[in-house]
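Because the structure is a prediction, the values reported are computed rather than measured.
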Amino acid sequence: MQFLSEKWEFAKGGAARDDLVEGALFVGDGCAISQASADIMLGMIVGKQKDEALKLGELFLKMIKGEATEDEINTLEEASALHDIAHMPARVKCAVLGWRALREALQR
């Protein structure tokens, strides 16, 4: 399954068994923030159930919007390093690109 978005591509690799994300990868060009966010995301979702991966994505988007509590941000582990992106409107789209692609791919 692939989801293409402008200059960025998300591809879910591997077979899904019992809604388990067994593998994922991304191939694409983008700024450092989009690449870092996607890399962090993939590290967080591999081995998770589909619903859990989607929940992490929703929580990440909530954090970027500045609506997440401190406890919620802490559950995002390494992704929490991007919480200050909420204060940089021009970079928000970069940070959430991979997470939106994930949602599109898993909801198909």
Asks: Any donor and acceptor pair, going by atom type alone, linking the side chain of Lys65 with main-chain N or O of Ala86 inside 3.5 Å?
Replies: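 Flag not set: sc Lys65 to bb Ala86 has no pair under 3.5 Å.
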
Asks: Taking all heavy atoms of Ile64 and all of Ala95, pick out the closest pair and write down the distance.
Replies: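 Scanning both residues completely, I find the closest heavy atoms to be CD1-CB, 4.3 Å.
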
Asks: Do Met63 and Ile85 come within less than 4.5 Å of each other through their side chains, counting heavy atoms only?
Replies: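 Heavy-atom side-chain distance check fails, nothing below 4.5 Å.
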
Asks: Does any pair with a residue in residues 80-93 pass salt bridge (charged side-chain N to carboxylate O under 4.0 Å, His left out), and if so which ones, sequence neighbours excluded?
Replies: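 Residue pairs passing salt bridge (charged side-chain N to carboxylate O under 4.0 Å, His left out), neighbours aside: none found.
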
Asks: Once you round to the nearest 0.5 Å, how far does CD1 of Ile45 lie from NZ of Lys55?
Replies: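 Between atom CD1 of Ile45 and atom NZ of Lys55 there are 16.0 Å.
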
Asks: Could you tell me if the side chain of Met44 sits less than 4.5 Å from the side chain of Leu76, heavy atoms only?
Replies: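 Yes, side chains in contact.
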
Asks: How long is the straight-line distance from CG of Leu102 back to CG of Leu97, given to the nearest 0.5 Å?
Replies: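 CG of Leu102 is found 11.5 Å from CG of Leu97.
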
Asks: Is there a donor-acceptor contact under 3.5 Å from the side chain of Gln35 to the main chain of Ala32?
Replies: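 Not confirmed, Gln35 side chain does not pair with Ala32 backbone.
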
Asks: Using atom types as modelled and distance alone, determine if a side-chain donor or acceptor of Ser37 lies under 3.5 Å from a backbone N or O of Ser34.
Replies: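 Answer holds: no.
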
Asks: Could you list all the ring pair (Phe, Tyr, Trp, His ring centres under 6.0 Å) pairs where at least one residue sits in residues 39-68, not counting sequence neighbours?
Replies: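 For residues 39-68, and leaving out neighbouring residues, the ring pair (Phe, Tyr, Trp, His ring centres under 6.0 Å) pairs sorted by first residue read Phe60-Trp99.
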
Asks: side-chain contact (heavy atoms from CB on, under 4.5 Å), that's the test. Do Leu61 and Arg100 meet it? Break it down for me.
Replies: CA-CA 9 Å; Leu61 295 174; Arg100 289 185 183 201; 4.2 Å; yes

Asks: Please name the pair of heavy atoms, one in Val46 and one in Ala24, separated by the smallest distance, quoted to 0.1 Å.
Replies: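 Heavy atoms only, the tightest pair is CG2-N, 4.0 Å.
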
Asks: I need the Lys48 NZ to Leu20 CG distance, nearest 0.5 Å.
Replies: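 Spacing of NZ (Lys48) from CG (Leu20) equals 10.0 Å.
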
Asks: About how many Å separate CG of Leu42 and CG of Leu25, when rounded to the nearest 0.5 Å?
Replies: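 Taking CG in Leu25 and CG in Leu42, the distance rounds to 7.5 Å.
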
Asks: Can you tell me which residue pairs pass the ring pair (Phe, Tyr, Trp, His ring centres under 6.0 Å) test with a partner in residues 29-50, sequence neighbours excluded?
Replies: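 Sorted result for residues 29-50: empty, none.
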
Asks: Could you measure the distance from the CD1 atom of Ile40 to the CD atom of Glu78? Nearest 0.5 Å is fine.
Replies: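 Here the rounded value is 4.5 Å.
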
Asks: Could you state the interatomic distance from OG (Ser80) to CD (Glu72), rounded to the nearest 0.5 Å?
Replies: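 If we round to the nearest 0.5 Å, Ser80:OG and Glu72:CD are 12.5 Å apart.
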
